Amino acid sequence: GGALAYAALVRSNTTTSLSPQQIHAIGLREVARLRGEIDQVMRRMQWTGDFDSFVKHLNTDPKYFHTSPEALLAGYRDIGKRIDPELPRLFAELPRAPWGVRAMPAHMGADATESYDGPGLDGSRPGWFNANALAYKTRPIWGMETLVAHEAVPGHHLQNARAAELGTLPRFRRAAGYVAYGEGWALYAETLGFELGLYTDPASHFGHLQWQMVRAVRLVVDTGLHQLGWTRQQAIDTMLAQTGEHRGTVESEIDRYISWPGQALGYMVGQLKIIALRDRAKAALGPRFDIRRFHMAVLDQGALPLTLLERQIDDWIAAEKLATEPVPR
C-alpha cells in the first residue's frame, strides 16, 4: 500500500488534492524557470564559466563571508532594520510583538540550521530569529537577505505574531500550524524582498534564487523517490546539479525526504498557491486591488489548509467588489 500511503501524506502535507504526478510536473516547470533566472544573474555578473564554477567562486571568495560571529549577527540585524520600515507598503497592519536576532547556543554546533521561535500568545516574549553564529565561515553574505525574509520578516515572524494577536479566534487556531501554509507563506515572503529593497546586489539575487531552487527541486526528488522509483543516488545527483549546494547538505536533505515523505512538498506548493490567489485577486479587482489588504486577508484567519485559504480569498474578493462598487442612486 505504499502508493496509497504516499498519496495520503502528500494530501496531508500540501492540504490540496494535487497528485504526486502533478506535483512532480510542477517541480520540473519551476526548476526550469529558476534555472533561466539563475543564468540571467550569471550573465549580469559577467561570469563566463559554467554553473559549478560560479557556485564555487561564490562559496570560496573571502569577500562573500563575514569575519567573526559578531559580524554575522550584526549583518542579520542590519538586514532586519532595513526591512522593518518598508513593511507598511505591503501590509495594512503589523503585529505589535517585536522580533530580534540571537545566536544559537554553542552546544548546537556549527552544522545546525537557522530557525525561528514565535512570540508567546500572551505577549510575554518576542519572536526570535536564531542565527548560527558559529557557522560564520560557511554562511555567505549573499544568502542572508532571503534567509531573514523567510525566518523573520515578512516571513515566519510576521505570520506567527499576527496569528498570536488575532484575539477573536480560538486559542487553538491562533497557535495552529500547517506546513503548506506556514512554510508556503515564508517562501512567498522571500519573493517580496524585491519590493522591500533586497536583492539589489546580483550575488544576493542568486542567493534568493538558490533557495527557491532548493524548494522547487524538492517537488521533483520527493515525488521521484516515493512515486517514481528513484534511487537515493539519483535524487542526490539531481539536487546537486540544480542547486549547487554542498554534497553533505544535499545528502542530508535527501535522507530527510526519504524518512519524512511529503513534508518537503508543502513549501513550494504553498508559495505557488498564494501567488495564484494574488493573481486571481488582481484579475478580479483590477485597479481596486490593494496588496496591503490582500496580505491581511491571507494572514487574518491564522494558519489554514490551502483549500480553506482559497475559499477565504474568494470570499474576500467578493467582499472587496461590494465595498468598492458605487452606490446606486
Side-chain angles (χ1 to χ4, degrees), residues 23-45 47 49-61 64-65 111-114 132 135 138-151 155 183-184 186-191 193 198-199 201-226 228 230-260 262-272:
I23 291 175
H24 190 82
I26 292 169
L28 293 173
R29 182 195 72 199
E30 292 301 303
V31 166
R33 176 183 65 82
L34 289 164
R35 175 45 67 95
E37 294 187 27
I38 288 172
D39 289 344
Q40 291 178 19
V41 171
M42 292 172 62
R43 288 193 292 270
R44 182 181 168 194
M45 295 182 70
W47 189 262
D50 61 12
F51 177 67
D52 289 343
S53 64
F54 176 68
V55 173
K56 182 178 180 179
H57 163 69
L58 291 178
N59 280 299
T60 55
D61 192 322
Y64 292 124
F65 294 86
D111 292 331
T113 57
E114 282 68 17
N132 192 335
T138 59
R139 293 296 188 269
I141 294 170
W142 46 261
M144 293 172 64
E145 288 185 339
T146 201
L147 186 57
V148 173
H150 183 105
E151 297 291 351
E183 297 297 349
L187 197 56
Y188 169 76
E190 292 180 37
T191 69
L198 306 181
Y199 318 141
D201 174 72
S204 290
H205 188 180
F206 169 75
H208 166 67
L209 293 174
Q210 185 187 46
W211 272 107
Q212 291 276 311
M213 178 66 88
V214 168
R215 278 54 167 260
V217 173
R218 285 174 174 175
L219 303 185
V220 177
V221 298
D222 194 287
T223 53
L225 287 163
H226 297 289
L228 303 179
W230 284 22
T231 64
R232 178 179 182 270
Q233 192 59 50
Q234 187 177 357
I236 290 171
D237 292 343
T238 298
M239 198 164 199
L240 280 173
Q242 297 299 343
T243 67
E245 283 279 4
H246 297 290
R247 175 173 290 275
T249 300
V250 168
E251 290 176 348
S252 176
E253 283 282 300
I254 296 303
D255 289 341
R256 166 187 165 185
Y257 311 150
I258 290 172
S259 61
W260 199 358
Q263 189 274 345
L265 304 178
Y267 295 68
M268 183 62 73
V269 169
Q271 173 190 291
L272 294 175

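Every value quoted in this text rests on a predicted model; they were computed, and no experiment measured them. Side chains are part of it too, since the values below use all heavy atoms of this structure and drop only hydrogens, waters and symmetry mates. Sequence positions, counted from 1, serve as the residue numbers for this chain.
Between R232 and D255 there is a side-chain heavy-atom pair separated by less than 4.5 Å. Put simply, the side chain of E253 does not reach to within 4.5 Å of the side chain of I236, judged on heavy atoms. The side-chain heavy atoms of L147 and M144, taken from C-beta on, include no pair separated by under 4.5 Å. Residues Q212 and Q271 have side chains in contact (heavy-atom distance under 4.5 Å, counting atoms from C-beta outward).
Remark: the backbone N or O of G143 is not paired with any side-chain donor or acceptor of T146 at under 3.5 angstrom. Side-chain N or O atoms of S252 include none that pairs as donor or acceptor with a backbone N or O of T249 at under 3.5 Å. Here the side chain of Q210 pairs a donor or acceptor atom with the backbone of T243 at under 3.5 angstrom. Judged by distance alone, with hydrogens and angles left aside, the side-chain atoms of D61 form no donor-acceptor pair with the main-chain N or O of H57 at under 3.5 Å. The closest donor-acceptor contact from the side chain of T238 to the backbone of Q234 lies under 3.5 Å.
Heavy-atom minimum distance, A149 versus Y199: CB-OH, 4.1 Å. L219 approaches I26 most closely through the heavy-atom pair CD1-CG2, 4.0 Å. The shortest heavy-atom contact between A235 and V221 is O-CG1, 3.8 Å. Closest heavy-atom contact between M42 and G49: CE-O, 3.8 Å. The two residues I258 and H226 come nearest to each other via the heavy atoms O-CE1, 3.5 Å.
Taking OG1 of T113 as the reference point, atom CG of N132 lies at 8.5 Å (rounded to 0.5 Å). For the atom pair N59 CG and E245 CD, the distance stands at 8.0 Å (nearest 0.5 Å). In this structure, CE in M268 is found 9.5 Å from CZ in R218, a value given to the nearest 0.5 Å. Here NE2 of H205 is found 13.0 Å from CH2 of W142. Values are rounded to the nearest 0.5 Å. Atom OG1 of T223 is separated from atom CD1 of I23 by 7.5 Å, given to the nearest 0.5 angstrom.
By the 4.0 Å N-to-carboxylate-O rule, E30 lies too far from R215 to be salt-bridged with it. A salt bridge links R139 to E114: one of the charged nitrogens lies within less than 4.0 Å of a carboxylate oxygen.
With sequence neighbours excluded, the residues that form a ring pair (Phe, Tyr, Trp, His ring centres under 6.0 Å) with F54 are W47, F206. Checked against salt bridge (charged side-chain N to carboxylate O under 4.0 Å, His left out), E145 has the following partners two or more places apart in sequence or in another chain: R82.
Relative orientation of the H150 and Y267 rings is parallel, given thresholds of 30° and 60° on the angle between their planes. Ring pair W230/H24 is perpendicular by interplanar angle, where above 60° counts as perpendicular and below 30° as parallel.
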* To do: Determine, step by step, whether R29 and L272 satisfy the side chain to side chain contact (heavy atoms under 4.5 Å, CB included) criterion, reporting the C-alpha distance in whole Å, the side-chain angles of both residues, the deciding distance to 0.1 Å, and the verdict.
  => CA-CA 12 Å; R29 182 195 72 199; L272 294 175; 3.8 Å; yes

Side-chain donor-acceptor distances from residues 34-41 under 3.5 Å, at least two apart:
| unit_1 | atom_1 | unit_2 | atom_2 | d |
| --- | --- | --- | --- | --- |
| R35 | NH2 | A241 | O | 3.1 |
| R35 | NH2 | Q242 | O | 3.3 |
| E37 | OE2 | R33 | NH1 | 2.9 |

